[in-house]
Student: 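Here's a structure for you.
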Amino acid sequence: MTTNYSLQKRLGLGLTLGVTLLWLLAVAASGLVIRHELDEVFDSALQETAQRILPLAVVEIMNREMATAPQRVLSLEAHEEYLTYLVRDAAGNTLLQSHNANPEVFGDQPQKGFVSTETHRIYGAAAVRDTYWIQVAEPLSHRFEAVREALVALLWPLLLLIPFSLIGTWWLVRASLRSVRAYRKAIATKGAGDLSPIQAEGLPAEIEPIAAAVDQLLERLRRTLEAERSFTANSAHELRTPLATALAQVQRLERDLVPGTQLDKARQIEETLRNLSRLSEKLMQLAKAEGGRLLSETPQDLVPVLALVVDELRRTAQVPLQLDLPEGHPINSNLDPDAFAILVRNLIDNALKYGAADQPVNISLSSEGILRVVNAGPLVPPEKLHQLRGRFVRASSDAPGFGLGLAIVDAIVTGIGATLQLQSPATGREDGFEVVVDLRSTCS
Ligand SMILES: Nc1ncnc2c1ncn2[C@@H]1O[C@H](COP(=O)(O)OP(=O)(O)OP(=O)(O)O)[C@@H](O)[C@H]1O
Ligand SMILES: [Mg+2]
């Protein structure tokens with residue numbers, strides 16, 4: 001299983017780590033170069049010093065009365081001495097030394113050229129046919145310190161670079177993904193039945209092909225769904241006339257027949273034809289419910305539509321239909337009145353079919369736009385309740401039906417972005433069935 005990762009986090013950490021490593025490598029390489037160059041400069045200074053001091057020292061020693069007595073050069077004022085020197089004769093006797101010189105550093109016997117000990121870099125030179133020797137020493141720690149200070153100065157910017165790189169990458173990625181976020185929002189806010197292309201502007205070149213592929217996919221889906229819907233609608237429509245004709249012919253035939261087997265058979269055919277006619281009617285409703293265009297531009301009052309449907313159904317209903325409407329209060333909604341009538345008719349039809357034979361059906365529409373249809377009757381088990389929105393799904397065979405009513409209601413509700421709730425038992429009762437359709441999102 002792959003887990004999702006954040007591009008911002010990954011790029012921020014990756015780039016910062018990469019830049020830090022590169023910086024450290026560059027500092028290490030600079031350290032080597034600096035050290036090499038400093039060695040050259042310091043060595044040259046050492047050599048120069050020895051060659052400058054030696055002739056002066058020789059002259060001074062020769063002018064002395066006791067030339068072999070060692071003499072320490074007095075310092076003019078107290079200072080830290082980086083370079084110390086020692087002037088000796090060929091036998092190794094010290095003739096002259098700088099005020100801080102430590103003879104142990106220079107070894108027993110003077111040598112020409114550069115020598116490195118554990119602690120010092122030493123340069124030796126001789127004059128007057130190797131009679132007088134000078135050695136100038138410089139502590140290695142001095143050179144290390146110079147290199148170390150240069151490296152520390154190069155490392156300081158890293159402290160700024162790390163947070164700047166993290167924040168900079170985070171901001172840059174965030175800014176670059178702004179159009180992608182807008183695209184995501186455009187997809188998320190699209191209505192369930194809206195399969196039109198997604199408006200995507202200013203997408204990065206890497207994401208552009210994905211958006212194009214999504215649009216193509218939506219277009220293919222839209223065409224397939226449209227083909228399916230128009231097939232359902234057309235077939236149901238085409239069946240209407242032949243069914244009506246067949247029904248009329250059977251009824252005419254029944255009139256000519258005397259009571260008996262032939263008439264019974266004709267009546268069965270009539271019932272089957274009526275069933276087929278009801279099925280084609282339901283299929284047309286389903287095609288309309290799934291076909292989009294369920295919302296109208298101008299809001300219309302739902303109250304008269306509901307009152308009309310209830311009045312019409314009252315004429316054939318065996319139980320009272322109790323209608324509860326907000327008094328003198330229009331409920332303006334963008335829901336297409338035809339679609340609303342189909343929705344209400346299916347719900348009340350169900351309540352009449354499956355509700356208890358001796359108890360009324362309650363229908364109410366609140367002023368906010370919440371429709372409730374409640375009936376008494378046996379409980380519907382919870383596991384069945386979840387499946388009832390599916391096409392051709394039924395929970396009881398007490399009354400004839402195709403299992404399409406709630407699928408039609410669900411298609412309308414989903415198409416307009418409203419919500420449908422099925423409950424059994426009904427609120428505040430121990431039995432019965434309650435359907436709640438929350439139309440608030442379509443109301444103005
Ligand atoms: N008001 C209700 N009370 C009790 N059960 C219900 C109610 N409404 C629906 N049902 C259960 O849900 C099932 C599905 O209902 P739906 O309206 O989708 O199909 P139908 O009524 O069986 O057939 P159709 O509506 O297509 O003629 C029903 O068969 C019934 O078992
Ligand atoms: Mg039904």
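All ligand and atom numbering here is 1-based and tracks the order in the structure.
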Student: Does the N or O separation between Val380 and ligand 1 drop below 3.5 Å for any pair?
Tutor: no
Student: Could you check whether any side-chain N or O of Asn234 sits under 3.5 Å from a backbone N or O of Ser230, counting only pairs where one atom can act as donor and the other as acceptor?
Tutor: yes
Student: Students should be able to answer this: which protein heavy-atom is nearest to atom 18 (O) of ligand 1, and at what distance?
Tutor: Leu406 N, 2.7 Å
Student: Just distances here: any N/O of Ala395 and N/O of ligand 1 closer than 3.5 Å?
Tutor: yes
Student: Which atoms of ligand 1 have any heavy atom of Gly403 under 4.0 Å away?
Tutor: 18 (O), 19 (O), 20 (P), 22 (O), 23 (O), 24 (P), 26 (O)
Student: Which protein N, O or S atoms lie under 2.8 Å from the Mg ion (ligand 2), given by chain and residue number?
Tutor: Asn350 OD1
Student: Identify the closest protein heavy atom to atom 9 (C) of ligand 1: which residue and atom is it, and at what distance?
Tutor: Asn350 ND2, 3.6 Å
Student: Do you know which two heavy atoms are closest between Ala266 and Glu254, and how far apart they sit?
Tutor: O-OE2, 3.4 Å
Student: Under 4.0 Å from a heavy atom of Gly405: which atoms of ligand 1 are those, numbered in the order shown and with their elements?
Tutor: 16 (P), 17 (O), 18 (O), 19 (O), 24 (P), 25 (O), 26 (O)
Student: Test your reading of the model: is there a side-chain donor-acceptor pair from Lys288 to the backbone of Ala339, 3.5 Å cut-off?
Tutor: no
Student: Heavy atoms only, cut-off 4.0 Å: how does Lys353 contact ligand 1, side chain, backbone, both, or neither?
Tutor: side chain
Student: Near Ala351, which atoms of ligand 1 are under 4.0 Å from a heavy atom of that residue?
Tutor: 1 (N)
Student: Does Thr298 offer a backbone N or O that forms a donor-acceptor pair with the side chain of Asn334 under 3.5 Å?
Tutor: no
Student: Relative to the heavy atoms of Leu404, which atoms of ligand 1 are at a distance of less than 4.0 Å?
Tutor: 18 (O), 19 (O), 23 (O), 24 (P), 26 (O)
Student: Please check whether Tyr354 reaches ligand 1 - meaning an N/O of the residue sits under 3.5 Å from an N/O of the ligand, judged on distance alone.
Tutor: yes
Student: Looking only at atom types and distance, does a side-chain atom of Asp438 sit under 3.5 Å from a main-chain N or O of Ala418, one as donor and one as acceptor?
Tutor: no
Student: For atom 14 (C) of ligand 1, grab the closest protein heavy atom and report residue, atom and distance to one decimal in Å.
Tutor: Val393 O, 3.4 Å
Student: So, 4.0 Å and heavy atoms of Leu347: is ligand 1 close enough to count as a contact?
Tutor: no
Student: Where the side chain of Ser179 meets the backbone of Gly202, is there a donor-acceptor pair that is under 3.5 Å apart?
Tutor: yes
Student: Could you tell me how the ring of His142 sits relative to the ring of Phe42: parallel (under 30°), tilted (30 to 60°) or perpendicular (over 60°)?
Tutor: perpendicular
Student: Would you mind running through ligand 1 and noting each atom that sits below 4.0 Å from a heavy atom of Leu388?
Tutor: 11 (C), 12 (O), 13 (C)
Student: Apply salt bridge (Lys or Arg N to Asp or Glu O under 4.0 Å) to Arg223 and Glu219, showing your working.
Tutor: CA-CA 6 Å; Arg223 266 195 258 135; Glu219 175 60 20; 3.2 Å; yes
Student: Have a look at ligand 1 and work out which part of Lys384, if any, has a heavy atom under 4.0 Å from it: side chain, backbone, both or neither.
Tutor: neither
Student: Hey, is the main chain of Leu283 close enough, under 3.5 Å, to the side chain of Thr232 for a donor-acceptor pair?
Tutor: no
Student: Does the Arg121 side chain pair with the main chain of Leu46, one donor and one acceptor, at a distance under 3.5 Å?
Tutor: no
Student: Take every heavy atom of Ser396, measure it against each atom of ligand 1, and state whether any distance is under 4.0 Å.
Tutor: yes
Student: Has Arg314 got a side-chain atom pairing as donor or acceptor with Leu321's backbone, closer than 3.5 angstrom?
Tutor: yes
Student: By number and element, which atoms of ligand 1 are closer than 4.0 Å to a non-hydrogen atom of Asn375?
Tutor: 1 (N), 2 (C), 3 (N)
Student: Roughly how far apart are Leu379 CG and Arg429 CZ, rounded to 0.5 Å?
Tutor: 10.5 Å
Student: Arg52 and Glu48: salt bridge (Lys or Arg N to Asp or Glu O under 4.0 Å), yes or no, with the steps?
Tutor: CA-CA 6 Å; Arg52 296 286 295 173; Glu48 193 65 24; 5.3 Å; no
Student: Kindly say whether Ala356 contributes a backbone atom to a donor-acceptor pair with the side chain of Asn375 at under 3.5 angstrom?
Tutor: no
Student: Is a side-chain donor or acceptor of Ser277 paired with a backbone partner of Leu273 at a separation under 3.5 angstrom?
Tutor: no
Student: If we only count N/O pairs under 3.5 Å, is Phe402 in contact with ligand 1?
Tutor: yes
Student: Could you tell me the residue and atom name of the protein heavy atom closest to atom 22 (O) of ligand 1, and the distance to it rounded to 0.1 Å?
Tutor: Arg394 NE, 2.5 Å
